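This report refers to the structure that appears directly beneath it.
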Amino acid sequence: MSHYANYVKELKDSTVVEDEYGFYQYKLCPQHLFIEELYVDSRYRGFREAKRYIREMAKIAKDNDYTYLMGAIAITNKNPLKLLSLYLRNNCKLHSTDRNYIYLTINIEDAEALEA
């Protein structure tokens with residue numbers, strides 16, 4: 001585990017999973033797994049690594065008896081509409097919004113079924 005992953009665990013009680021393609025960071029909340037960060041190195045985008053990460057988090061959520069994952073898109077993101085469109089095409093549902101974020105959910109079955 002990297003120093004950054006240890007730092008996040010200590011500071012936020014979140015888990016970071018890293019590999020050669022990128023990383024994801026999640027937190028187990030009372031009713032769902034919350035995806036805090038997901039990053040795929042630009043060299044590997046388009047190779048379905050993000051979907052693999054989501055499937056891995058779905059397994060973790062399922063093992064904790066959750067029914068869905070939740071994540072957010074920051075409206076300050078470089079291209080939030082592109083991300084929103086991508087997530088909606090992959091069976092994510094709009095959950096809510098606030099001043100800075102668009103929150104989405106995906107149920108475990110849909111997350112597990114994301115194509116490899």
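Numbers for residues simply follow the sequence, beginning at 1. Small disclaimer: the values here were computed from a predicted structure and weren't measured.
- Judged by distance alone, with hydrogens and angles left aside, the side-chain atoms of R55 form a donor-acceptor pair with the main-chain N or O of L114 at under 3.5 Å.
- When the side chain to side chain contact (heavy atoms under 4.5 Å, CB included) test is applied to E109, the partners found at least two apart in sequence or on another chain are N107.
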Would you sort out whether Y26 and L28 count as a side-chain contact (heavy atoms from CB on, under 4.5 Å), showing the intermediate values?
CA-CA 7 Å; Y26 68 89; L28 298 175; 4.1 Å; yes
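- We find the OH-CD1 distance between Y101 and I75 to be 9.5 Å, quoted to the nearest 0.5 Å.
- Note that the OG atom of S14 and the CD1 atom of I35 stand 12.5 Å from one another [nearest 0.5 Å].
- Rounding to the nearest 0.5 angstrom, the gap separating the CG atom in L94 from the CG atom in L88 is 5.5 Å.
- For the atom pair CG of L33 and OG1 of T15, the computed distance is 9.0 Å after rounding to the nearest 0.5 Å.
- Both Y4 and Y39 belong to a common hydrophobic cluster when Ile, Leu, Val, Met, Phe, Trp and Tyr are linked at side-chain heavy-atom distances under 4.5 angstrom.
- The number of heavy-atom neighbours closer than 6.0 Å to NZ of K82, taken from other residues, nucleotides and ligands shown, is 12 or below.
- Side chain of Y53 to main chain of G22: a donor-acceptor pair is present (N/O by atom type, distance under 3.5 Å, no hydrogens or angles).
- Within 6.0 Å of the CZ atom in F23, the count of heavy atoms belonging to other residues, nucleotides or ligands exceeds 12.
- The closest donor-acceptor contact from the side chain of K9 to the backbone of V16 lies at 3.5 Å or more, if one exists at all.
- E36 and Q25 share a side-chain donor-acceptor pair at under 3.5 Å.
- Counting heavy atoms of neighbouring residues, nucleotides and ligands inside a 6.0 Å radius, atom OH of Y7 does not exceed 12 of them.
- Using a 4.5 Å heavy-atom cutoff, the side chains of I102 and L84 are in contact.
- Side-chain contact, Y24 with E56: a donor N or O sits under 3.5 Å from an acceptor N or O.
- Separation of atoms CG (L86) and CD1 (I73) is listed at 8.5 Å; rounding is to 0.5 Å.
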| query | Are R52 and D19 close enough, and set up right, to give a salt bridge (charged side-chain N to carboxylate O under 4.0 Å, His left out), and what steps lead you there? | reply | CA-CA 12 Å; R52 178 177 60 84; D19 63 19; 2.7 Å; yes
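- Both Y44 and V17 belong to a single network of hydrophobic side chains, linked directly or stepwise wherever heavy atoms of I, L, V, M, F, W or Y lie under 4.5 Å apart.
- At most 12 non-hydrogen atoms from other residues, nucleotides or ligands lie less than 6.0 angstrom from CD of Q31.
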Extract all donor-acceptor atom pairs below 3.5 Å that involve side chains of residues 57-70 and protein atoms in other chains or at least two apart in sequence.
unit_1: K59; atom_1: NZ; unit_2: D63; atom_2: OD2; d: 3.0
unit_1: K62; atom_1: NZ; unit_2: E112; atom_2: OE2; d: 3.3
unit_1: N64; atom_1: ND2; unit_2: I60; atom_2: O; d: 2.8
unit_1: Y66; atom_1: OH; unit_2: C29; atom_2: O; d: 2.4
unit_1: Y68; atom_1: OH; unit_2: H32; atom_2: ND1; d: 3.4

- Message: Run L38 and I54 through side-chain contact (heavy atoms from CB on, under 4.5 Å) and show every step you take.
- Response: CA-CA 9 Å; L38 190 151; I54 292 172; 4.0 Å; yes
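- In this structure, OG1 in T97 is found 10.5 Å from CG in L104, a value given to the nearest 0.5 Å.
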- Task: Decide side-chain contact (heavy atoms from CB on, under 4.5 Å) for V40 and E49; before the verdict, give the C-alpha distance in whole Å, the side-chain angles of both, and the deciding distance to 0.1 Å.
- Result: CA-CA 7 Å; V40 175; E49 297 305 323; 4.1 Å; yes
